[in-house]
Every structure is written in C-alpha cells, then in structure tokens.
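A short worksheet on the structure shown next.
Note that these values count all heavy atoms, side chains included, but never hydrogens, waters or copies made by symmetry.
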Amino acid sequence: MSNIIHVNEFYSFDVEEVLKSYGIKPDEELYSLLKEYMQRFKVQWPAYGPRTVELVKHCLDLNTKLSDLPDDEIHRKYFPSGAKY
C-alpha cells in the first residue's frame, strides 16, 4: 500500500513523513494506529492536541474521525468542556 494519501486532485500527503514529523517511531503502537487512521479517513491527525493509543483506537473502533467523535467519556477525557486550545 502506498504511503501517499490523495485527498483530492489538489491535496495529498505522505503518511510516513507526517508520522516522522510527529516524532513517533515506527516500532511504537501509536505509529501503526495513526497510520491506519490516516489511511482510512484520508486526513492527518492534528499536529497539536492529544495523541494517545486510547484516543486513536477509540476513533478506529467507532470508525469515526476525531472531529466527529460523539460526546462520550473518552472524548470528554481529552477534550473537557470549556477547555481552550
């Protein structure tokens, strides 16, 4: 499978380069989860904000992008009401 994600005719990104820029090592569990997330949803994981195995797995389990997560326990854990970013 190619590491290049073609979002549309104007935009694409290299999953490996994105993960490298995040400082995540290929042998880490988070690396493979984020790679799966980006390939499935054709979006990058946000550069700023939480980046945990639990949160990425939750997105994959629900088959939902981070921005579309329901207001459930895990969402509130990482994005508490009233938090300013």
Original post:
Distance-only, no hydrogens or angles: does the Y37 side chain make a donor-acceptor pair with backbone N or O of L66 under 3.5 Å?
Top reply: yes

Original post:
Nearest 0.5 Å, what's the CE-CG distance between M38 and L33?
Top reply: 10.5 Å

**OP:** Please examine the side chains of Y31 and V15, heavy atoms only from C-beta on, and report whether any two atoms are closer than 4.5 Å.
**Re:** no

Original post:
Are the side chain of R40 and the backbone N or O of L60 linked by a donor-acceptor pair below 3.5 Å?
Top reply: yes

Original post:
In this structure, which one of E54, R51, H58 forms a side-chain hydrogen bond (donor to acceptor under 3.5 Å, both in side chains) with Y78?
Top reply: E54

Subject >> CD-CG distance between Q44 and D14, expressed to the nearest 0.5 angstrom >> reply: 10.0 Å

Subject >> Smallest separation among heavy atoms of L30 and V53, with atom names >> reply: CD1-N, 3.9 Å

Subject >> Distance (rounded to the nearest 0.5 Å) between S81 OG and H75 NE2 >> reply: 10.0 Å

**OP:** Side-chain contact test, heavy atoms from C-beta onward, threshold under 4.5 Å: evaluate it for I74 versus L69 and give yes or no.
**Re:** no

Original post:
How far apart are the closest heavy atoms of C59 and F41, and which atoms are they?
Top reply: O-CZ, 4.3 Å

Original post:
Would you find a donor on one side and an acceptor on the other, under 3.5 Å apart, between the side chain of W45 and the backbone of L19?
Top reply: no

Subject >> Test side-chain contact (heavy atoms from CB on, under 4.5 Å) applied to D72 and L62, step by step >> reply: CA-CA 11 Å; D72 60 10; L62 294 178; 4.1 Å; yes

Subject >> Carboxylate-amine/guanidinium proximity below 4.0 Å for E36 and K57 >> reply: no

